[in-house]
Amino acid sequence: MSVTRLGVDAGGSGTKWVLARGGVAVARGVTPPFTSLLLQTPEGAAHLDALVRAVGERPQAVHLGLPGLSRSSARAAEVAGQVALAFGLPPEAVQVEGDLDLAYQAHFRPGEGVLVYAGTGSIAYHVTAGGEVVRAGGRGYRLGDDGGGFSLGRAALRVLTDALDVGGPPDTPLAREVAALTGGLDWDTLRDFAYGTPGAAAIASLAPAVGRAADQGDPQALVLVRDAAASLADLARRVQVHTGPLPVTASGGAFRTTPLLGQELTAHLSGVQVVPGDHALAAALGS
């Protein structure tokens, strides 16, 4: 009998899931975000319920990568119990680990390389052969995450709000792409957009607008993408100070905003491999 496995790659901007049966993906989707911290709130519990409803059936096993926790920690065990209860499974059927551990396993075995992950946030991550973690960045949107989706969205808003101070945003691809998502470029509209939703999700949702503007050749958007790539390259080098010149793979949703981000990263960091990375699929297939 084929085993049905659910792989989940949760994050601050959205939760990607893949259902696999007999080693073949049969369904996938994206549901509202949740993190370890968010799961301790009524909103997080509601988002977990949304995942259960979206999957629509009871898997036999769940493999979940979740920001804000470490594998084998007390909090990971708590989350596993919460997820098991939501799906009506025994706790031993649910495997929970940090989203970065899930992503690293999708690309490397321990000791093999350095992962640069750019989603809502950004981090460079290495797991040694002995299981120790070497990292740079990943400090959250309040302290850093330069090069990730939140950083790109925030930088775009800074460009446009600076323009408000000296006469108003120009009619550029970046301004038009951002306005299409925010509903306008006046301060009241931008303020409500930026501060109306707690956390990083709203501002990170502007990253694709930056990417589309860069693809159209917008000079300001191109600078933002180049700056993001330089920040990501710097994270990788910080880890390589400790690991030596291991190969680097870059992955995450920020790289799907525009191919230019990957191209610029390659220019800053010779030899880096930029791959889309379907970490929910890897979890569902047991990779």
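In this text, all values refer to a predicted model and were calculated from it rather than measured experimentally.
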After noting the C-alpha distance and the side-chain angles of H63 and E97, does the key distance pass the side-chain hydrogen bond (donor to acceptor under 3.5 Å, both in side chains) rule?
CA-CA 8 Å; H63 186 176; E97 60 189 332; 2.5 Å; yes
Taking [X] for its side chain and [Y] for its backbone only, find out whether a donor-acceptor pair lies under 3.5 Å.
X	Y	result
R135	I123	no
S122	D146	yes
Q240	L246	yes
D145	G148	no

Side chain to side chain contact (heavy atoms under 4.5 Å, CB included) between V116 and T249, worked out:
CA-CA 6 Å; V116 172; T249 290; over 6 Å; no
Looking only at the side chains, is there a donor atom on one of D99 and Y117 sitting less than 3.5 Å from an acceptor on the other?
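D99 vs Y117: no donor-acceptor pair found between side chains.
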Does atom [atom1] ([X]) have a neighbourhood of more than 12 heavy atoms from anything else shown, all under 6.0 Å?
X	atom1	value
R58	CZ	no
E92	CD	yes
Q273	CD	no

Let me confirm one number: the [atom1]-[atom2] distance from [X] to [Y], rounded to the nearest 0.5 Å.
X	Y	atom1	atom2	value
D218	L224	CG	CG	8.5 Å
L269	R237	CG	CZ	5.5 Å
L64	Q95	CG	CD	9.5 Å
L69	T35	CG	OG1	9.0 Å
R158	L160	CZ	CG	12.5 Å
F34	Q82	CZ	CD	8.5 Å

Compare every heavy atom of [Y] with every heavy atom of [X], then report the nearest pair and how far apart it is.
X	Y	value
G11	P67	CA-CG, 3.8 Å
T15	V8	CG2-CG1, 3.5 Å
T182	L190	OG1-CD2, 3.9 Å
A156	V178	CB-CG2, 4.3 Å
G147	A254	O-CB, 4.3 Å
A230	H268	CB-CE1, 3.8 Å

Please assess L281 against R28 for the test side chain to side chain contact (heavy atoms under 4.5 Å, CB included), listing each intermediate value before the final yes or no.
CA-CA 9 Å; L281 176 61; R28 63 173 65 229; 4.2 Å; yes
Is there a path of hydrophobic side-chain contacts, each under 4.5 Å between heavy atoms of I/L/V/M/F/W/Y residues, joining [Y] to [X]?
X	Y	result
F108	V274	no
L37	V96	no
V18	F87	no
L48	V30	no
W17	V26	yes

Intermediate values then yes/no, side-chain hydrogen bond (donor to acceptor under 3.5 Å, both in side chains), E78 and Q40
CA-CA 10 Å; E78 292 173 1; Q40 299 178 69; over 6 Å; no
Trace of the side-chain hydrogen bond (donor to acceptor under 3.5 Å, both in side chains) decision for D186 with T189
CA-CA 6 Å; D186 60 280; T189 299; 2.8 Å; yes
salt_bridge(K16, D278) N-O dist < 4.0 Å:
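The answer is no: the pair does not qualify as a salt bridge.
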Does any non-hydrogen side-chain atom of [Y] lie less than 4.5 Å from one of [X]?
X	Y	answer
E177	Q216	yes
V55	L6	yes
L66	L39	yes
Y125	V239	no
E57	R21	yes
L265	F255	yes
T257	V210	no
T31	R53	no

Worked check of side chain to side chain contact (heavy atoms under 4.5 Å, CB included) between R226 and L222:
CA-CA 6 Å; R226 289 169 185 149; L222 288 169; 4.0 Å; yes
Could you label the plane-to-plane angle of the Y141 and F150 rings as parallel, tilted or perpendicular, counting under 30° as parallel and over 60° as perpendicular?
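The arrangement is tilted - the two ring planes meet at 30° to 60°.
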For T258, all residues meeting side chain to side chain donor-acceptor pair (under 3.5 Å), sequence neighbours excluded
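Per chain and number, T258 pairs via side chain to side chain donor-acceptor pair (under 3.5 Å) with D215.
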Using the test side chain to side chain donor-acceptor pair (under 3.5 Å), find all partners of R238 that sit at least two apart in sequence or belong to another chain.
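Expected list: D234.
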Partners passing salt bridge (charged side-chain N to carboxylate O under 4.0 Å, His left out) against D171 (at least two apart in sequence or in another chain)
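Expected list: R176.
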Is there a side chain to side chain contact (heavy atoms under 4.5 Å, CB included) between Y104 and S251? Walk through the geometry before answering.
CA-CA 10 Å; Y104 190 88; S251 184; over 6 Å; no
Would the H107 and H279 ring centres measure less than 6.0 Å apart?
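Ring centres of H279 and H107 closer than 6.0 Å.
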